[in-house]
Amino acid sequence: MSEPADRRYGPATLPRARGPLSAAVVEALRLPAYDLPASLGVDLDPADPITDEDLQLTLFLCYELHYRGWLGVDESWEWQPTLLALRARCEQVFEAALRRLVGSPPVPVAGVAAGLAELVAADDGPPLAATLQRRADLTQFREFVAHRSVYHLREADPHSWALPRLGGPAKAALVEIQTDEYGNGRLDRMHAELFRRTLDRLGLDTSYGAYIDVAPAVTLATNNLMSLFGLHRRLRGALLGHLAAFEMTSSLPNRRYGNGLRRLGFDEVATRFYDEHVEADAVHEQIAAHDMCGGLARAEPALAPDVLFGAEAGLALDRLFAAHLLDRWAAGHSSLRAPAPPALPPTVPLVASTTVVAPPAPPALV
């Protein structure tokens, strides 16, 4: 397969392996689809599945076959039975770790929407957004954006897996949210495109999947969580709960991210992605909690605990992600795994003001 001229939209290049399991999968994906050894992954028992580099990359390799695929990889791998069996073994380990981490949040008498509000109110994660707003330097902000590019360049896609699995009010509410995420059908307003402009302004690679190789396990885990929920019908409640928590905790952090970029001298094109989410997600959080998740719980009451599990799992992994970045920065280290590609020059000069001096072209990430 020849490499496409436009790499912005994928597929991404296969990343480097991070251990024996991901090495076996990467090696296999370079060949036409064939049966993997039945013994592959049967003794999988990482100390911490959520931060295990080999496990999380293996899951990401498998999941991406259901999105844009991998450059030069035989598309028959998507439904190859032995690879699906390996993925299932990895998923069992990952899901068990998630359930140990968050337990089973109780559904309050007031209902799912009230339960979501309680989870969000109790969330006291590390102050990543405040740090990016007030103190982070340009290199740290660019690292944060590189981490988030793994999701934001396909924003909304994992949650769209729920659409054919829903009906009635919950489906209508999800469609309303997703329509905004996809820019109401206009390319220039799609949230993934807005984020691509932020990458461009910061001198980062705008190609789909450009930073997978340097994203640590905790970053991949936040993405794998959405794919796990999205690709299993039995977890549709968890998927909606994850989206609701995402929307309900988005407005204030995005305001802070935008203000952080303005502090560093960036223009409105760089901040538009974050500014857009301040307004959009303030509306989405009500739709997500009451109409989408509340509608699902009314139609299928047995799924109410799953909704809260999905919300709490998403919040918990975001706390781990934030702690990773802040701990690495506090120690004077990069939050990424390895040196990233050199920075690209900004496409336009940064905005200067009387109080903020426009920085020079961004340095390499690490």
Side-chain angles (χ1 to χ4, degrees), residues 63 66-67 105 107-121 151-195 222-223 225-254 273-315 318:
Y63 286 145
H66 300 287
Y67 291 100
V107 181
V109 175
V112 161
L116 289 168
E118 290 176 10
L119 287 177
V120 168
Y151 168 65
H152 284 313
L153 288 181
R154 67 179 184 201
E155 184 164 352
D157 291 351
H159 297 109
S160 291
W161 288 110
L163 286 169
R165 295 165 178 169
L166 299 173
K171 182 167 191 168
L174 179 57
V175 167
E176 183 173 359
I177 292 171
Q178 298 299 81
T179 298
D180 281 349
E181 300 290 340
Y182 292 125
N184 291 284
R186 287 182 51 182
L187 177 64
D188 64 313
R189 295 177 59 184
M190 289 176 62
H191 288 183
E193 286 300 305
L194 298 181
F195 189 79
T222 63
N223 288 272
L225 180 68
M226 290 179 266
S227 298
L228 171 68
F229 292 164
L231 287 168
H232 292 273
R233 185 179 179 277
R234 67 179 176 86
L235 293 171
R236 62 194 181 281
L239 183 63
L240 296 195
H242 179 280
L243 177 58
F246 197 89
E247 299 291 346
M248 294 170 75
T249 57
S250 176
S251 290
L252 180 57
N254 277 292
F273 172 82
Y274 299 114
D275 296 339
E276 173 77 12
H277 281 74
V278 172
E279 179 177 349
D281 291 351
V283 176
H284 289 174
E285 68 174 277
Q286 298 301 318
I287 299 170
H290 295 278
D291 301 332
M292 184 179 71
C293 291
L296 178 68
R298 288 189 294 273
E300 300 183 78
L303 296 183
D306 287 349
V307 171
L308 297 184
F309 164 67
E312 179 58 17
L315 294 171
D318 277 347

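Numbers here are sequence positions counted from 1.
At least one side-chain heavy atom of His242 sits less than 4.5 Å from a side-chain heavy atom of His159. In this structure the side chain of Leu240 reaches within 4.5 angstrom of the side chain of Leu166, judged on heavy atoms. A 4.5 Å side-chain heavy-atom check between Pro301 and Val107 finds every atom pair outside the cut-off.
Annotation for Ala289 and Leu116: closest pair CA-CD1, 4.0 Å, computed over non-hydrogen atoms. In this structure, Leu174 and Ala162 approach most closely via the heavy-atom pair CD2-CB, 3.7 Å. Across every non-hydrogen atom of Leu239 and Pro158, the tightest pair is CD2-O, 3.9 Å. Smallest separation of non-hydrogen atoms from Ala170 and Gly295: CB-C, 4.2 Å.
Between the side chains of Asp157 and Tyr151, no donor N or O sits under 3.5 Å from an acceptor N or O.
Applying the salt bridge (charged side-chain N to carboxylate O under 4.0 Å, His left out) rule to pairs touching residues 288-302 yields Arg236-Glu300, sequence neighbours excluded.
For His277 and Phe273, the ring centers sit closer than 6.0 Å to each other.
Residues forming a salt bridge (Lys or Arg N to Asp or Glu O under 4.0 Å) with Arg154 (at least two apart in sequence, or on another chain): Glu64.
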Which donor-acceptor pairs under 3.5 Å do side chains of residues 225-234 form with protein atoms, sequence neighbours excluded?
| from | atom 1 | to | atom 2 | distance (Å) |
| --- | --- | --- | --- | --- |
| Ser227 | OG | Tyr67 | OH | 2.9 |
| His232 | NE2 | Glu91 | OE1 | 3.0 |
| His232 | NE2 | Glu91 | OE2 | 3.0 |
| Arg234 | NH1 | Glu95 | OE2 | 3.2 |
| Arg234 | NH2 | Glu95 | OE1 | 2.6 |

Val112 vs Leu296, side-chain contact (heavy atoms from CB on, under 4.5 Å): CA-CA, chis, key distance, verdict = CA-CA 9 Å; Val112 161; Leu296 178 68; over 6 Å; no

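Taken from CG in Asp318 to OG1 in Thr222, the straight-line distance is 6.5 Å, to the nearest 0.5 Å.
The side-chain contact (heavy atoms from CB on, under 4.5 Å) test with His284 singles out one residue from Gln178, Met248, Glu181, and that residue is Glu181.
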